Amino acid sequence: MAENCGKCKKSISKEGIVICNSDDCMKKFHRTCVNIDDAIYDAIQKNPLISFNCEECKNQSPKALAAKLQTMEEKLNKVYNGVNQISTRMYQQYFQFGNANNVDPKKQTNNLIVVGNNCNSDRLQVVCDYGRWVQVGKFATSTSEDDIIEHLAEELKINKNLVKCTKLVKNDANLSQLSYCKFKISIPDYRFNELFNENIWPSGVMVSPFTPRSQLNQNRI
Ligand SMILES: [Zn+2]
Ligand SMILES: [Zn+2]
């Protein structure tokens, strides 16, 4: 089969043929049967980046692409579900660890703990623990605390009310002369580590654990 032309079905020799570049196909054709002129034939021979695809494969490619996309989507869903399960378990362990002294260990093993993550509702006021802070910069001086809060709410899918942010300014700073500013930021403890995810910050922004210094005064501006 492979030694006959995919178009006219007649036998082919080694010269003057083109091979379909599609991995599943590899059919051979007389170049004259598939309208490959001298110039294109020459280019295909000389340049490995130029390849020939038969009509059948060209027409199938959107379908093939769709099938590949479908497979990728299924794989992604599996990964997504796995990550969800892991993070749920981490939250559970965090809370069980946090309450370890108060709870009977036998009862504790049956305790399913779920942490709410609906960021659309403002009706209920929630109290969370905030143990740690990060320092983030450098931003243009025009950047406001609300800008940072809005950005994080969107990137982390977290309620704006749960993001704490303070612009850091030195006591004696002349605001008009500053070339940049930094912010002190915290989110509830159980999600704190997400602040160190580089993907939520614009390129070049630096995030480090916040260490209070005497010469820094956290003024609201
Ligand atoms: Zn042919
Ligand atoms: Zn083909």
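Every value quoted in this text rests on a predicted model; they were computed, and no experiment measured them. Hydrogens, waters and symmetry mates are skipped; everything else that's a heavy atom, side chains included, is used. As the structure lists them, so they are numbered: ligands from 1, and atoms in each ligand from 1.
Here the protein contributes C20 SG, C25 SG, C54 SG, C57 SG as N, O or S atoms under 2.8 Å from the Zn ion (ligand 2).
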*asked:* Pair F29, F52 - check ring pair (Phe, Tyr, Trp, His ring centres under 6.0 Å), show working.
replied: CA-CA 10 Å; F29 298 85; F52 163 79; 5.6 Å; yes
Show every donor-acceptor pair shorter than 3.5 Å between a side-chain atom in residues 36-43 and any protein atom, with sequence neighbours excluded, or say none if there are none.
from: D37; atom 1: OD1; to: A39; atom 2: N; distance (Å): 3.2
from: D37; atom 1: OD1; to: I40; atom 2: N; distance (Å): 2.9
from: D38; atom 1: OD1; to: R31; atom 2: NH1; distance (Å): 3.2
from: D38; atom 1: OD1; to: R31; atom 2: NH2; distance (Å): 2.8
from: Y41; atom 1: OH; to: G16; atom 2: N; distance (Å): 3.2
from: D42; atom 1: OD2; to: K46; atom 2: NZ; distance (Å): 2.9

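Among residues two or more places apart in sequence or in another chain, the side chain to side chain contact (heavy atoms under 4.5 Å, CB included) test is passed with K14 by none. Taking the salt bridge (Lys or Arg N to Asp or Glu O under 4.0 Å) definition, one finds that E155 meets it with nothing, sequence neighbours left out.
We find that K7 and E55 are not joined by a salt bridge, their nearest charged nitrogen and carboxylate oxygen being 4.0 Å or further apart.
Angle SG(C33) to the Zn ion (ligand 1) to SG(C5): 120° [nearest 10 degrees].
Cation-pi geometry between K182 and F139 is not met at under 6.0 angstrom from the ring centre and within 45 degrees of the axis.
In H30, the N, O or S atom that comes nearest to the Zn ion (ligand 1) is ND1.
Residues K58 and N53 share a closest heavy-atom pair of CE-O, 3.4 Å.
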